[in-house]
2 protein chains.
Amino acid sequence: MAKAGLTEEAVLRAAIAIADEKGLNQVTLKAIADRLRIKTPSLYTYVDGLPGLNNLLAIYGLQTLRNELAEAAVGLSGRDAVHAMGSAYLRFARKNPGLYEATQSVNKWQDERTEKLSSEVIDLVGKVLAAFPQAEKDQTHLIRMFRSICHGFASLDRNHGFGMPVSVEESFFLAIELMLAGIQSEYCENAG
Amino acid sequence: MAKAGLTEEAVLRAAIAIADEKGLNQVTLKAIADRLRIKTPSLYTYVDGLPGLNNLLAIYGLQTLRNELAEAAVGLSGRDAVHAMGSAYLRFARKNPGLYEATQSVNKWQDERTEKLSSEVIDLVGKVLAAFPQAEKDQTHLIRMFRSICHGFASLDRNHGFGMPVSVEESFFLAIELMLAGIQSEYCENAG
DNA sequence: GGATATTACCTAATATGATTAGGTATGTCA
DNA sequence: TGACATACCTAATCATATTAGGTAATATCC
């Protein structure tokens, strides 16, 4: 009986692979154990059951998303920063569909770490939107609009909700463009 | 042994109730059977297992959504119609969270009926957006933007993704408003 | 009104997966 | 070399989905 030398990270990696290949609901302890060539109960050494594993997935997904959003906006400001961050968001969701899915079920568990990571993502969005002249109070509205567009596109795209043979990236770019145009027309030119 | 006199519709109603009360992943044949005071295998008389039930949920959800969207836009046009349809979308998702969730997993099964219903929903959106002067090609982009905002708000709201003590309805209204302002500023006033 | 067919629900059994309890073999270190 | 920790295991239990086939209530036909 050779020891596989597993770690929490190895289990997480296997889970991510299954999630991205077959969807989050295919991430079972059985499937992970099979992939790692061990028996299911052995996994309990590394993760706290299926709920604990889902939490790990959410944390890792949010960390990755936060890092990629932050990196995307480096050195950019204004419209460019918003577009870059939006593109990074969509790219992350497409490249890591299972992991992205995991980040969405976060708020069911009220974990301290996921709460903090979610805040950090929202703060990043807030920063790139802060360049636009909007009433203090509307900051939350605008963050919500941006997040909804990003998540809406990511989610519908993942569920094959976009059937037309038209580039999703192009649609997404235009959506961000119209959002920004809307902000500028509401708050600057036609104010009042 | 008294006969309960069940029907497919009764099973569906029980499933909807559980989905809306406890979430779609709590819709198990066991839970439905318990609620109807019968044994699990008896359900196979009415529905085609759990996959068949999920399909029924998706169909019923899409039908309801389509009807409510259509009704919301009756007698309205232009901005009013778009706002009314958006509000109806969000209202449906909030009032029937489990049913709404079911409509999202539609495209996994490629069912003829769900495909048709999805098209009908998209057509409705296309109709209220058609009042705005946009390039023919951009029609798809705008429909996608509207759907993404609606679904993004609905989904984030359902997952408690909006933590700030700011009205979600107000955020949503502003998002639609900015989308429309963006469309008008891009296509009419500042064209080119 | 009684024989028969259908309906509506049941019990029994199997499969998959999560989880707990507790065992065994392998490696580390005094 | 022997004690112990580690890493993985088997065995057992529970929950749920599903299939097979049985029984009692109801509807139908003569």
Side-chain angles (χ1 to χ4, degrees), chain A residues 1-60 98-99 101-102 105-106 108-111, chain B residues 1-60 98-99 101-102 105-106 108-111:
Chain A
M1 178 190 325
K3 294 197 178 183
L6 298 177
T7 59
E8 181 190 86
E9 198 199 323
V11 174
L12 180 57
R13 265 205 308 270
I16 292 170
I18 294 168
D20 285 342
E21 286 165 19
K22 306 182 186 171
L24 190 61
N25 60 353
Q26 295 299 305
V27 177
T28 64
L29 294 185
K30 180 70 161 53
I32 294 169
D34 285 352
R35 175 178 280 251
L36 296 174
R37 297 164 186 281
I38 60 174
K39 302 296 176 178
T40 309
S42 305
L43 289 171
Y44 285 78
T45 307
Y46 308 103
V47 297
D48 194 8
L50 198 50
L53 178 65
N54 278 312
N55 207 25
L56 283 184
L57 281 171
I59 290 171
Y60 183 75
L99 206 48
E101 209 177 341
S105 48
V106 156
K108 292 172 188 163
W109 294 304
Q110 298 289 2
D111 183 278
Chain B
M1 177 188 327
K3 293 198 178 181
L6 297 177
T7 59
E8 180 190 88
E9 197 199 324
V11 174
L12 180 58
R13 266 205 307 270
I16 292 170
I18 294 168
D20 285 342
E21 287 166 19
K22 306 182 186 173
L24 190 61
N25 60 352
Q26 295 298 304
V27 176
T28 63
L29 295 185
K30 179 71 162 51
I32 295 169
D34 285 350
R35 177 177 278 250
L36 295 173
R37 295 165 187 281
I38 59 174
K39 302 295 177 180
T40 310
S42 304
L43 289 171
Y44 285 78
T45 308
Y46 308 103
V47 297
D48 194 8
L50 199 50
L53 178 65
N54 278 313
N55 208 24
L56 283 183
L57 280 170
I59 291 171
Y60 183 75
L99 207 49
E101 210 177 339
S105 48
V106 154
K108 292 173 188 164
W109 295 303
Q110 299 287 4
D111 183 279

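What you see is a predicted model, and the numbers here were worked out from it, not measured in a lab. Every chain is numbered from 1 and lettered A, B, ... according to where its sequence line falls, protein lines coming before strand lines.
- In this structure, CD of A/Gln26 is placed 9 Å from P of C/dG17, rounded to the nearest angstrom.
- Between A/Arg37 atom CZ and D/dC9 atom C1' the separation is 17 Å, expressed in whole Å.
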> Would B/Leu24 and B/Asn54 satisfy side chain to side chain contact (heavy atoms under 4.5 Å, CB included), going step by step from the backbone distance to the final call?
Replying inline: CA-CA 9 Å; B/Leu24 190 61; B/Asn54 278 313; 4.2 Å; yes

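- In this structure, CG of B/Leu29 is placed 16 Å from P of D/dA15, rounded to the nearest angstrom.
- Heavy atoms of other residues, nucleotides or ligands lying less than 6.0 angstrom from CG of A/Asp48 number 12 at most.
- Here D/dA17 presents its P atom at 7 Å from OH of B/Tyr44, a figure rounded to the nearest Å.
- Under a 3.5 Å cut-off, the side chain of A/Asn55 and the backbone N or O of A/Pro51 do not form any donor-acceptor pair.
- The CG-C1' distance, from B/Asp34 to D/dA15, rounds to 12 Å in whole Å.
- Between the P atom of C/dT19 and the CG atom of A/Leu43 lies a distance of 11 Å, rounded to the nearest Å.
- In this structure, NZ of B/Lys39 is placed 10 Å from C1' of C/dT11, rounded to the nearest angstrom.
- Atom NZ of B/Lys30 and atom P of D/dT16 are 5 Å apart (whole Å).
- Contact check, A/Ser42 against D/dC9: a side-chain N or O comes under 4.0 Å of OP1 or OP2.
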Side-chain atoms of residues 5-12 of chain A: list all donor-acceptor pairs with protein atoms under 3.5 Å, sequence neighbours left out, distances to 0.1 Å.
from	atom 1	to	atom 2	distance (Å)
A/Thr7	OG1	A/Glu9	N	3.4
A/Thr7	OG1	A/Ala10	N	3.1
A/Glu9	OE2	A/Arg13	NH1	2.7

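- Picking from C/dA12, D/dT16, C/dT19 the nucleotide with the shortest atom distance to the side chain of A/Leu50 gives C/dT19.
- In this structure, of C/dG17, C/dT19, D/dT16, it is C/dT19 that holds the atom nearest to the side chain of A/Pro51.
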